[in-house]
Amino acid sequence: MTYKSDYLQTLQRRGYIHQITDAEGVDARASKPGLMAYIGFDLTGPSLHVGHLMSIMMLRRLQQHGGKPIALMGGGTTRIGDPSGKDTQRQLLDNDTIAANKASIRRVFERFLTFGDGPNDAMMLDNADWLLDLNYVEFLRDYGRHFSVNRMLTMDSVRLRLDREQPLSFLEFNYMVLQSYDFVELNRRYGCVMQMGGSDQWGNITMGVDLGRRVAGAELYGLTTPLITNADGSKMGKTAAGAVWLNADMLADWDYWQFWRNVDDRDVGKFLRLFTDMPDDEIARLEGLEGAEINDAKIVLANAATTLCRGAHAAEAAEATARATFAEGGAGEALPHVSVPFPIALVDALTATGLAASKGEARRKLGENAVRLDGEPVSDPNHLISGPARLSLGRKRHALLVK
RNA sequence: GGAGGGGUGGCCGAGCGGUCAAUGGCAGCAGACUGUAAAUCUGCCGGGUUUUCCCUACGUUGGUUCAAAUCCAACCCCCUCCA
């Protein structure tokens, strides 16, 4: 459909919209300033990853269009565990771990959102603030009666588990109840009227919308984003090394930049639209580049995405290093520095830098002529390296050996 | 509760007394080709050891045997059908 509000127009044009509970209603609301919307984030790990970037960018877009975004930390719900998309109960996290994860995760939001008390400032809240002190019996009387178990059983998150005859504990069964209550509580406390999230959250979101109408007569909205896949069909954001973490202490700036630099040709335009603030016409131009020239677009993407998440300095350093390493065959400061005792045998240097997982693998790679020292092919496992040098495995993986 | 079937390397999935570190596929890594892309082809793909040697591994624990992922027993878990 065609939207009137700048916000939804942008979301649609940029590819963020999967489903909306009431598109006209959201459009009307978004046409006025101050639309308040939230997205919840689980605190199951010490950092968010690229898979969460869609959600974060949704909040950023909202702020850019005059709305007030809320990043909701799931300090309470993480103690329950969202059963969506999982076959088994997740290991329950203890409170200290959740608190540590929250402290670690919250910093990344400051790069994407401007926090404060103004009508257009972002807020960070924690549902532990209202979930932990709930009185069980009162809660059941006030809210539990609005939940139909019949309906809950039809929710994907529940039904899929039951259909596969996988166990679903009562604890997990309650997750959607608490998430629904979050929405109502955010509406009551702050006037928040919209919840956004990934497409897997649709069921949880619509239950919140319904609950709000039933207990408070509130008109609430929900909007989900599509699952982003790579052009080859794989899930976006996974690499051999694991998740692409947003936190700098979990993944080096260099590797973060490289992740974006190496996306599939066919994904460049899509990713520029979703994960950068690049204007549409510029993206269209970059997308139109042919053949090897598309590398320029990837560099733009890598710089923009890295600048957003890690800062302009990190992006510049990574680009300079990439130029020095790949275009000039030298080395750049952003390459990983690995401290080793000189002299060191080639095999040991390969394992010390992590370029090879074991000595056996190191020997194999040497046999495959995949290893270079300062750009020169080497093959003798026992070759002694006497001082600082650049060690490379293949074309892409490099490390600087330092004292 | 009864009757069957099954648990194998990151995943899927063969093997069913020695020649099994275990066919094959996927994923991954490297090489060629390129553009730090895709596709394709080739090689590698538990660990150690300069290498037909050792260690670890086929749900768990014991046992039989010169020898077990393969046979036996007990236990744990999963699936299907019946009640």
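Keep in mind that what you see is a predicted model, and the values were worked out from it rather than measured. Protein chains get the first letters and strands the later ones, always in sequence-line order, with residue 1 at the start of each.
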- What one-letter contact string describes nucleotides 38-47 of chain B from 5' to 3', where B marks a base within less than 4.0 Å of any protein heavy atom, S marks contact via sugar-phosphate atoms alone, and - marks no contact? S----BSS-S
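Spacing of C1' atoms, U49(B) relative to C58(B), comes out at 25 Å, to the nearest Å. Separation of the C1' atoms belonging to C82(B) and G17(B) is 36 Å when rounded to the nearest angstrom. The gap from the C1' atom of C81(B) to that of G9(B) amounts to 32 Å, rounded to the nearest Å.
Contacts of Trp257(A) with the nucleic acid, taken as non-hydrogen atoms under 4.0 Å apart, include base atoms. Among the heavy atoms of the strands, none lies under 4.0 Å from Glu293(A). Residue Gly291(A) is in base contact, counting any heavy-atom pair closer than 4.0 Å across all strands shown. Looking at heavy-atom distances under 4.0 Å, Ala231(A) makes no contact with the nucleic acid at all.
With respect to Glu361(A) and Arg364(A), no salt bridge is recorded, no charged nitrogen being found less than 4.0 Å from a carboxylate O. Ion pair Glu368(A)/Lys365(A) flagged as a salt bridge, since at least one NZ, NE, NH1 or NH2 atom sits closer than 4.0 Å to an Asp/Glu carboxylate oxygen. Ionic pairing of Arg273(A) and Asp280(A) is not present here: no N-O contact between side-chain nitrogen and carboxylate oxygen is shorter than 4.0 angstrom.
One side chain, Asp277(A) or Gln64(A), offers a donor N or O that lies under 3.5 Å from an acceptor on the other.
Here Arg363(A) reaches the OP1 or OP2 of U49(B): one of its side-chain N or O atoms lies under 4.0 Å away.
For the pair Arg310(A) and Tyr256(A), the distance from NZ or CZ to the six-membered ring centre is under 6.0 Å and the angle to the ring normal is within 45 degrees.
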- Arg141(A) and Glu138(A): salt bridge (charged side-chain N to carboxylate O under 4.0 Å, His left out), yes or no, with the steps? CA-CA 5 Å; Arg141(A) 285 176 62 96; Glu138(A) 273 181 31; over 6 Å; no
